[in-house]
Amino acid sequence: MLSHDETLAQVKRANERFYRAFESLDIDQMSAMWVRTARAKCVHPGWDLLEGWEVICQSWTVIFANTEYMRFVITDVSVAVYGQVAWVTCVENLSDAPDTLQVTRILATNVYEQTDEDWRIVHHHASVVL
């Protein structure tokens, strides 16, 4: 059995993989990060609540098809674990073009469930900081 600190580290690594999958603009990498169930939820900045993996997968497909570049610097990371569920709050500092100094700040909450394989995201909620 893992210690609490080891479990927190596992969740933090899962969150880092989520953002690398996001940057990859690859639906297979993103799909591998999610619990693919009807209880999955997602709120992209400015979007309505998306419910269920099928709808969420379609949203990522649209985002990736219409995006050429995306890089994140994740800051203010806070991880909490309660049994088989964990949540991460963080700031997504997003650059959407190479060699630009312009960054969009987005507050995010990512909820993970522990599965047999790893920690998988079940809820992502992101809101732009004005």
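Every heavy atom of this structure was used, including side-chain atoms; hydrogens, water molecules and symmetry mates were not.
The cluster map of Ile, Leu, Val, Met, Phe, Trp and Tyr, joined by side-chain heavy atoms under 4.5 Å apart, puts Val77 and Val85 in different clusters. Under a hydrophobic-cluster definition in which Ile, Leu, Val, Met, Phe, Trp and Tyr are linked whenever side-chain heavy atoms come within less than 4.5 Å, directly or via other members, Met70 and Phe18 are assigned to the same cluster.
If you take CG on Asn110 and SG on Cys90, they are separated by 5.5 Å, rounding to the nearest 0.5 Å. For the atom pair CZ of Arg120 and OG1 of Thr115, the computed distance is 5.0 Å after rounding to the nearest 0.5 Å.
The only member of Leu2, Val79, Val88 that meets side-chain contact (heavy atoms from CB on, under 4.5 Å) when paired with Leu8 is Val79.
Residue pairs meeting the salt bridge (Lys or Arg N to Asp or Glu O under 4.0 Å) criterion with at least one partner in residues 78-90, sequence neighbours excluded, are absent. For the salt bridge (Lys or Arg N to Asp or Glu O under 4.0 Å) condition, no pair includes a residue of residues 83-99, sequence neighbours left out. For residues 3-17, the salt bridge (Lys or Arg N to Asp or Glu O under 4.0 Å) pairs, not counting sequence neighbours, are Arg17-Asp118. For residues 86-119, there are no ring-ring contact (aromatic ring centres under 6.0 Å, His included) pairs, not counting sequence neighbours. For residues 63-75, the set of pairs meeting the side-chain hydrogen bond (donor to acceptor under 3.5 Å, both in side chains) definition, not counting sequence neighbours, comprises Thr75-Asn93.
Residue Val129 is found in a hydrophobic cluster whose other members, listed by chain and number, are Val91, Leu107; membership requires side-chain heavy atoms under 4.5 Å apart, directly or through intermediates. Grouping Ile, Leu, Val, Met, Phe, Trp and Tyr residues whose side-chain heavy atoms lie under 4.5 Å apart, directly or via other members, leaves Val73 alone, with no other cluster members.
By the ring-ring contact (aromatic ring centres under 6.0 Å, His included) test, Phe72 pairs with Tyr19, Phe22, sequence neighbours left out. Partners of Thr100 under the side chain to side chain contact (heavy atoms under 4.5 Å, CB included) rule, at least two apart in sequence or in another chain, are Ser95, Ala97, Gln102. Under the side chain to side chain donor-acceptor pair (under 3.5 Å) criterion, Thr7 pairs with no residue, sequence neighbours left out.
Counting heavy atoms from C-beta outward, Val11 and Val81 have side chains that approach closer than 4.5 Å.
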Could you list the donor-acceptor pairs under 3.5 angstrom formed between side-chain atoms of residues 50-64 and any protein atom two or more places apart in sequence or on another chain?
{"residue": "Glu51", "atom": "OE1", "partner": "Lys41", "partner atom": "NZ", "Å": "3.2"}
{"residue": "Ser59", "atom": "OG", "partner": "His44", "partner atom": "NE2", "Å": "2.9"}
{"residue": "Ser59", "atom": "OG", "partner": "Ile56", "partner atom": "O", "Å": "2.6"}
{"residue": "Thr61", "atom": "OG1", "partner": "Cys57", "partner atom": "O", "Å": "2.9"}

In a table with atom names and distances, give each donor-acceptor pair under 3.5 Å that connects a side chain of residues 26-39 to protein atoms at least two apart or in another chain.
{"residue": "Asp26", "atom": "OD1", "partner": "Asp28", "partner atom": "N", "Å": "2.9"}
{"residue": "Asp26", "atom": "OD1", "partner": "Gln29", "partner atom": "N", "Å": "2.8"}
{"residue": "Ser31", "atom": "OG", "partner": "Ile27", "partner atom": "O", "Å": "2.8"}
{"residue": "Arg36", "atom": "NE", "partner": "Ser31", "partner atom": "O", "Å": "3.1"}
{"residue": "Arg36", "atom": "NH2", "partner": "Ser31", "partner atom": "O", "Å": "3.2"}
{"residue": "Thr37", "atom": "OG1", "partner": "Arg39", "partner atom": "N", "Å": "3.3"}
{"residue": "Arg39", "atom": "NE", "partner": "Glu113", "partner atom": "OE2", "Å": "2.8"}
{"residue": "Arg39", "atom": "NH2", "partner": "Glu113", "partner atom": "OE1", "Å": "2.6"}
{"residue": "Arg39", "atom": "NH2", "partner": "Glu113", "partner atom": "OE2", "Å": "3.4"}

